[in-house]
Amino acid sequence: MPTTESADNDQLFVLTAVLLTPAQFPSVLGDDYPEVCAGLGLEPYAEGYGLVLGQDGAGARWTVATEDVSLVACAIAAWDCGMEYDLSPGESSIVGALPGWPLALAVAAPEVPSPHDPERQEGDPAPLTPPDAEEWGPAQRRLGADEIAMQWAVWREQVDGDDAFAEPGDEAHQGVRRVLAEARAYVTDPPPPGRVRSSFAAGEARTLRVDGPGWSMVARTDDIAFVLLDEEPGEVHPVGRGPELPGLLSSLDELAVRPV
């Protein structure tokens with residue numbers, strides 16, 4: 001089990017790690033990078049952070065924030081390939097050790113007590129807890145958009161014929177019209193970093209992830225878009241390309257942040 005050191009010099013058994021940058025962050029935690037940072041009590045520096053989640057020797061949950069983003073990125077890449085990687089950020093790179101975990105984990109360190117929040121001392125911050133994604137709301141809406149982005153081909157195959165599309169001018173889809181209008185406003189008035197993200201897709205296309213107050217949109221620059229709304233639990237609205245969507249997606253891709 002990889003280990004690092006927490007702020008109080010207790011050994012930390014590393015369970016997983018995630019990136020927290022304007023281009024890559026756990027979407028479940030917020031609509032944009034500054035919002036996620038605020039929820040964790042971190043300054044939204046442009047360089048971002050790596051978040052290392054683990055347990056101390058007593059089994060308590062800790063989240064270590066490090067400025068060594070490249071180290072965490074290398075560890076994640078190695079783990080994704082099934083390789084071992086000893087993730088041990090240097091003490092000088094550690095911004096802080098936050099009690100609790102912001103994400104739900106189904107794993108635990110061996111030979112230590114079961115995961116639990118550390119005992120709070122006077123003045124300590126409340127332990128981090130994962131967002132409630134059991135019922136429909138912003139967290140589950142963003143998780144739904146993540147799933148569409150990861151399984152694009154599967155969702156795209158479910159759209160059959162023009163009747164399935166929500167057209168921008170259709171009064172029956174006022175929520176979609178609002179989303180497209182707010183996304184279009186991003187082009188002239190850029191939103192906080194991370195609200196528009198662009199990632200690799202097949203061919204020369206890009207996958208766009210766009211979020212706003214109460215909504216998420218997933219699109220491919222060479223294809224259609226899908227819209228999810230807080231006020232419509234579980235509903236996914238496909239938006240056809242039509243005359244406006246291609247130009248909007250192209251403009252959004254130009255202002256989007258991309259993984260380095």
Side-chain angles (χ1 to χ4, degrees), residues 18-19 23-32 36 80 103-104 106 130-184 186 191 194-259:
V18 295
L19 293 178
Q24 292 176 276
F25 56 84
S27 298
V28 67
L29 299 181
D31 287 325
D32 55 56
V36 176
D80 287 345
L103 303 171
D132 182 6
E134 291 300 314
E135 297 186 4
W136 186 261
Q140 197 174 81
R141 177 251 302 168
R142 291 189 292 261
L143 287 174
D146 285 347
E147 179 66 21
I148 293 173
M150 290 187 294
Q151 303 289 335
W152 178 268
V154 174
W155 283 88
R156 186 63 178 89
E157 288 176 358
Q158 298 181 32
V159 181
D160 184 20
D162 294 339
D163 292 341
F165 291 113
E167 297 299 334
D170 189 344
E171 290 294 333
H173 294 285
Q174 293 186 11
V176 172
R177 294 173 59 200
R178 173 175 61 85
V179 168
L180 294 176
E182 292 185 15
R184 194 173 297 112
Y186 286 171
R195 287 235 178 148
V196 184
R197 289 172 279 164
S198 176
S199 59
F200 173 80
E204 297 182 359
R206 303 288 298 181
T207 295
L208 292 181
R209 174 61 183 275
V210 190
D211 292 276
W215 59 268
S216 293
M217 181 170 70
V218 184
R220 272 186 48 148
T221 52
D222 65 346
D223 203 356
I224 66 171
F226 292 93
V227 168
L228 298 86
L229 302 164
D230 280 357
E231 65 263 29
E232 297 190 29
E235 293 292 325
V236 178
H237 299 288
V239 180
R241 283 182 71 78
E244 298 181 11
L245 191 65
L248 173 60
L249 297 182
S250 178
S251 297
L252 290 172
D253 187 47
E254 289 181 3
L255 64 86
V257 289
R258 304 186 179 202

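Scope of the values below: all heavy atoms of this structure, side chains included, with no hydrogens, waters or symmetry mates. Throughout, residue positions are numbered sequentially from 1 according to the sequence presented. Note that the coordinates shown come from a computational prediction; the quantities given were computed from them, not determined experimentally.
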Exercise. Between Asp253 and Thr221, is any side-chain donor less than 3.5 angstrom from a side-chain acceptor?
Worked result: no
For this session: For Asp31, enumerate each residue passing the salt bridge (Lys or Arg N to Asp or Glu O under 4.0 Å) test, keeping only those at least two apart in sequence or located in another chain.
Result: Arg141, Arg142
Exercise. So, are Glu231 and Arg178 salt-bridged, with charged N and O less than 4.0 Å apart?
Worked result: yes
For this session: List in chain and number order the residues that pass salt bridge (Lys or Arg N to Asp or Glu O under 4.0 Å) with Arg220, two or more places apart in sequence or in another chain; answer none if no residue qualifies.
Result: Asp222
Exercise. Does some side-chain heavy atom of Leu103 sit less than 4.5 Å from a side-chain heavy atom of Pro26?
Worked result: yes
Exercise. Can you find a heavy atom in the side chain of Pro131 that is under 4.5 Å from one in the side chain of Leu29?
Worked result: yes
For this session: Could you check if a side-chain atom of Val179 sits within less than 4.5 angstrom of a side-chain atom of His237, using non-hydrogen atoms only?
Result: no
Exercise. Under the side chain to side chain contact (heavy atoms under 4.5 Å, CB included) criterion, do His173 and Val227 qualify, and how do the steps go?
Worked result: CA-CA 11 Å; His173 294 285; Val227 168; over 6 Å; no
Exercise. For Gly247, does its backbone N or O pair with a side-chain atom of Ser251 as donor and acceptor, under 3.5 Å?
Worked result: yes
Exercise. Taking side chain as C-beta onward, heavy atoms only, is Trp152 less than 4.5 Å from Thr207?
Worked result: no
Exercise. Would you say Ile148 and Leu228 make side-chain contact, with heavy atoms under 4.5 Å?
Worked result: yes
Problem set entry | Any donor-acceptor N/O pair, Arg197 side chain to Val257 backbone, under 3.5 Å | no
Exercise. Considering the options Asp211, Asp230, Asp146, which one meets the side-chain hydrogen bond (donor to acceptor under 3.5 Å, both in side chains) requirement together with Ser216?
Worked result: Asp211
For this session: Go through Trp155 and Val236 one step at a time and tell me if the side chain to side chain contact (heavy atoms under 4.5 Å, CB included) criterion holds.
Result: CA-CA 10 Å; Trp155 283 88; Val236 178; 3.8 Å; yes
For this session: Taking the side chain as every heavy atom from C-beta outward, state whether Glu182 and Pro213 have any atom pair closer than 4.5 Å.
Result: yes
